[in-house]
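Since we're looking at a predicted model, the values are computed, not measured.
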Amino acid sequence: MTVVDAHIHQWDPLTTPREFSGLAKLFRYVPVPMDLAKRLAPRRDREFAGDPTPFVHPYLPRDYREDAGEVPVEAIVHIEVEWNGKGPLAPANETQWVASLPFGVDTPALGAIIGAGDPTKPEFAELLEAHRAASPRFRGIRTRVENHPDEGVRSTCKDPDKLGSKAFLDGFGALADRRLGFEAWVYSGQLPQVTALAERYPDTTIVLNHLGTPAGIFGPVGRNTGQNPGQRRELFVRWRDDLAALAAHANVVSKVSGLMMPVLGHPVPKRGEPTPVPALLERISPLLAHALDVFGSDRLIWGSNFPVDKSITSLPNAAEAVATALAEHGADDKAIEQVFRSNAERVYGIDEL
């Protein structure tokens, strides 16, 4: 069985405008030992990213190919990542840049591109057209709306209610009218807002990223999140119920991705010593069991979230852990093929290329 990795990132912070470009250039010209840099970084950044190494170097198709190893990835879906260009149409430049990368040259094919865009901006409809003009593989947008009530957990959006604001909901119509998809990356406390969006736009495909990113579910993060087993149990119960409510909407699918993000509370291992599969299984298995129950195998999509998840484990370990957990909870070979390939082909129109 070949695989579609439906959630990866590519960047070159030295030659393209990224929010972390300044940091990358600093490391280029002022060499600092990475372990020292990690200790000096703000705690919320350390807990979010783990090892900062991937963020200060280019991560391009050949790097992904090396990380994929023996996982038979045939195609990938690229998800926007902190493009920081100037002007309201600048996010379309990332789509154009990704389309120019050497995918399919001894590397997996580029199956689809999810660009950046903000429905609250007056130029949103024009930006969608710019994305479309930049690449025929453009399939939708992701908006940075993730917000956590714990100030010690990294948030990129200051407005906790942006996803449900009138400006966002009204602007979202431009996306719906074009039958484009929306990638929802939120923290788990925001899942009801995604449900409200799905209710308002039932004909628009909404892809929940990372099972809703329940920060702290595996261990302490921030100032007061996941600090003890009782807190983690409460977090799990709320996540479980809110995910079930979201899954009741047929226009929503979920990615089983980002499950190795440090912000979930994973202990960060030493560099070069990826967390082994049994340890990963012990943590992620209850999440995947519930996701399989409420979404079914036909509405789950696997993505590696590389290189963001790289500080916790290897890409082959991550894929094996997810496949094993699904099988242990009743998924047969056909169901696993759906999660690792055919659902992504359907949702992102990859077979139409």
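- Distance check: K86 NZ to N93 CG gives 13.0 Å after rounding to the nearest 0.5 Å.
- Remark: Y201 pairs with F172 by the ring-ring contact (aromatic ring centres under 6.0 Å, His included) rule, at least two apart or across chains.
- Each of V77, N343, T205 was checked for a side-chain contact (heavy atoms from CB on, under 4.5 Å) with Y348, and the lone residue meeting it is V77.
- For F218, the ring-ring contact (aromatic ring centres under 6.0 Å, His included) criterion is met by H266, not counting sequence neighbours.
- Within 6.0 Å of CZ in R62 there are 12 or fewer heavy atoms belonging to other residues, nucleotides or ligands.
- Residues V81 and L60 share a single hydrophobic cluster, defined by chaining ILVMFWY side chains whose heavy atoms lie under 4.5 Å apart.
- Cluster membership for F236 and L243, using ILVMFWY side-chain heavy atoms within less than 4.5 angstrom, is shared.
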Kindly indicate, with the supporting measurements, whether the criterion side-chain contact (heavy atoms from CB on, under 4.5 Å) is fulfilled by R154 and V263.
CA-CA 9 Å; R154 183 177 184 265; V263 76; over 6 Å; no
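- Applying the ring-ring contact (aromatic ring centres under 6.0 Å, His included) test to F124 and every residue at least two apart in sequence or in another chain returns nothing.
- For the pair S304 and D309, the minimum side-chain heavy-atom distance is 4.5 Å or more.
- Side chain of N305 to main chain of M260: no donor-acceptor pair is present (N/O by atom type, distance under 3.5 Å, no hydrogens or angles).
- Using bins of under 30°, 30° to 60° and over 60° for the plane-to-plane angle, the ring pair Y187/H148 lands in the perpendicular bin.
- Donor-acceptor pairing under 3.5 Å is recorded for the side chains of T2 and R341.
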Go through it in stages, so that I can follow the logic: the residues are R346 and D298, the test is salt bridge (charged side-chain N to carboxylate O under 4.0 Å, His left out), and I'd like the CA-CA distance, side-chain angles, deciding distance and then a yes or no.
CA-CA 10 Å; R346 180 187 78 247; D298 61 335; 5.9 Å; no
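- Looking at K255, its side chain does come within 3.5 Å of a backbone N or O of A6 through a donor-acceptor pair.
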Side chain to side chain donor-acceptor pair (under 3.5 Å) between S285 and H329: does it pass, once the steps are laid out?
CA-CA 9 Å; S285 188; H329 293 295; 2.7 Å; yes
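- Residue L287 comes nearest to I217 through the heavy atom pair CD2-CD1, 3.8 Å, listed as atom of the first residue, atom of the second, then distance.
- Under the 4.5 angstrom side-chain criterion for Ile, Leu, Val, Met, Phe, Trp and Tyr, the cluster partners of L127 are L89.
- For the atom pair D177 CG and T204 OG1, the distance stands at 8.5 Å (nearest 0.5 Å).
- The main-chain N or O of S257 is never found under 3.5 Å from a side-chain atom of H7 such that the two would form a donor-acceptor pair.
- A pairwise comparison of heavy atoms in A344 and V4 identifies CB-CG1, 3.7 Å as the closest pair.
- In this structure, A335 and D332 approach most closely via the heavy-atom pair N-OD1, 2.8 Å.
- Using modelled atom types, no side-chain atom of D242 and backbone atom of P192 make a donor-acceptor pair closer than 3.5 Å.
- Within the model, atoms OG1 of T313 and CG of L280 stand 4.5 Å from one another, a figure rounded to the nearest 0.5 Å.
- The distance from the CG atom of L163 to the CG atom of L191 is 10.0 Å, given to the nearest 0.5 Å.
- Residue V105 belongs to no hydrophobic cluster, having no ILVMFWY side-chain heavy atom closer than 4.5 Å to its own.
- Under the 4.5 Å side-chain criterion, counting only non-hydrogen atoms from C-beta, P269 is in contact with I312.
- Not a single ring-ring contact (aromatic ring centres under 6.0 Å, His included) links H78 to another residue, sequence neighbours left out.
- Taking each heavy atom of I113 and S135 in turn, the nearest pair found is CD1-OG, 3.7 Å.
- Residues V277 and L326 do not share a hydrophobic cluster, clusters being chains of Ile/Leu/Val/Met/Phe/Trp/Tyr side chains in contact below 4.5 Å.
- The closest donor-acceptor contact from the side chain of R178 to the backbone of A174 lies under 3.5 Å.
- Using a 4.5 Å heavy-atom cutoff, the side chains of H131 and P91 are in contact.
- When side chains are defined from C-beta on, L288 counts as touching L259, because their heavy atoms get closer than 4.5 Å.
- Between Y59 and I8, every side-chain heavy-atom pair lies at or beyond the 4.5 Å cut-off.
- The main-chain N or O of P17 is never found under 3.5 Å from a side-chain atom of N84 such that the two would form a donor-acceptor pair.
- The heavy-atom pair separating L211 from S254 by the smallest distance is CD2-OG, 3.2 Å.
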Test log, rule side-chain contact (heavy atoms from CB on, under 4.5 Å), inputs Y64 and F103:
CA-CA 10 Å; Y64 174 81; F103 284 108; 5.5 Å; no
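- In the displayed structure, E199 atom CD is contacted under 6.0 Å by more than 12 heavy atoms of other residues, nucleotides or ligands.
- Counting only heavy atoms from C-beta outward, the side chains of F182 and I141 approach each other to under 4.5 Å.
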Determine whether E82 and R144 satisfy the following criterion, side-chain contact (heavy atoms from CB on, under 4.5 Å), listing intermediate values before the conclusion.
CA-CA 9 Å; E82 299 188 13; R144 307 303 296 272; 3.2 Å; yes
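- Residues R18 and T16 bring a donor and an acceptor atom of their side chains to less than 3.5 Å of each other.
- Residue-environment remark: CG (N228) exceeds the threshold of 12 foreign heavy atoms within 6.0 Å.
- Looking only at distances, a side-chain donor or acceptor of H9 sits under 3.5 Å from a matching main-chain atom of I79.
- The cluster map of Ile, Leu, Val, Met, Phe, Trp and Tyr, joined by side-chain heavy atoms under 4.5 Å apart, puts L281 and L315 in different clusters.
- Rounding to the nearest 0.5 Å places CD1 of I76 at 14.0 Å from CZ of R65.
- With rounding to the nearest 0.5 Å, the separation of CG in D118 from OG1 in T143 is 5.5 Å.
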Any chance you could lay out the side-chain contact (heavy atoms from CB on, under 4.5 Å) test for R283 and T275, step after step, and finish with the verdict?
CA-CA 11 Å; R283 298 171 203 163; T275 305; 4.0 Å; yes
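- By the 4.0 Å N-to-carboxylate-O rule, K334 lies too far from E337 to be salt-bridged with it.
- By the neighbour-count criterion of 12 heavy atoms within 6.0 Å, atom CD of E66 is densely surrounded, having more than that number from other residues, nucleotides or ligands.
- Between the side chain of T213 and the main chain of W185, no donor-acceptor pair closer than 3.5 Å is present.
- Residues D67 and S314 have side chains not in contact (no heavy-atom distance under 4.5 Å, counting atoms from C-beta outward).
- Side-chain contact check for N147 versus K162: every heavy-atom pair is 4.5 Å or farther apart.
- Judged by distance alone, the side chain of E80 and the main-chain N or O of G115 form no donor-acceptor pair under 3.5 Å.
- A donor-acceptor distance shorter than 3.5 angstrom exists from the side chain of W11 to the backbone of H57, with no hydrogens or angles considered.
- Of all the heavy atoms in A323 and I336, the pair that sits closest is O-CD1, 3.9 Å.
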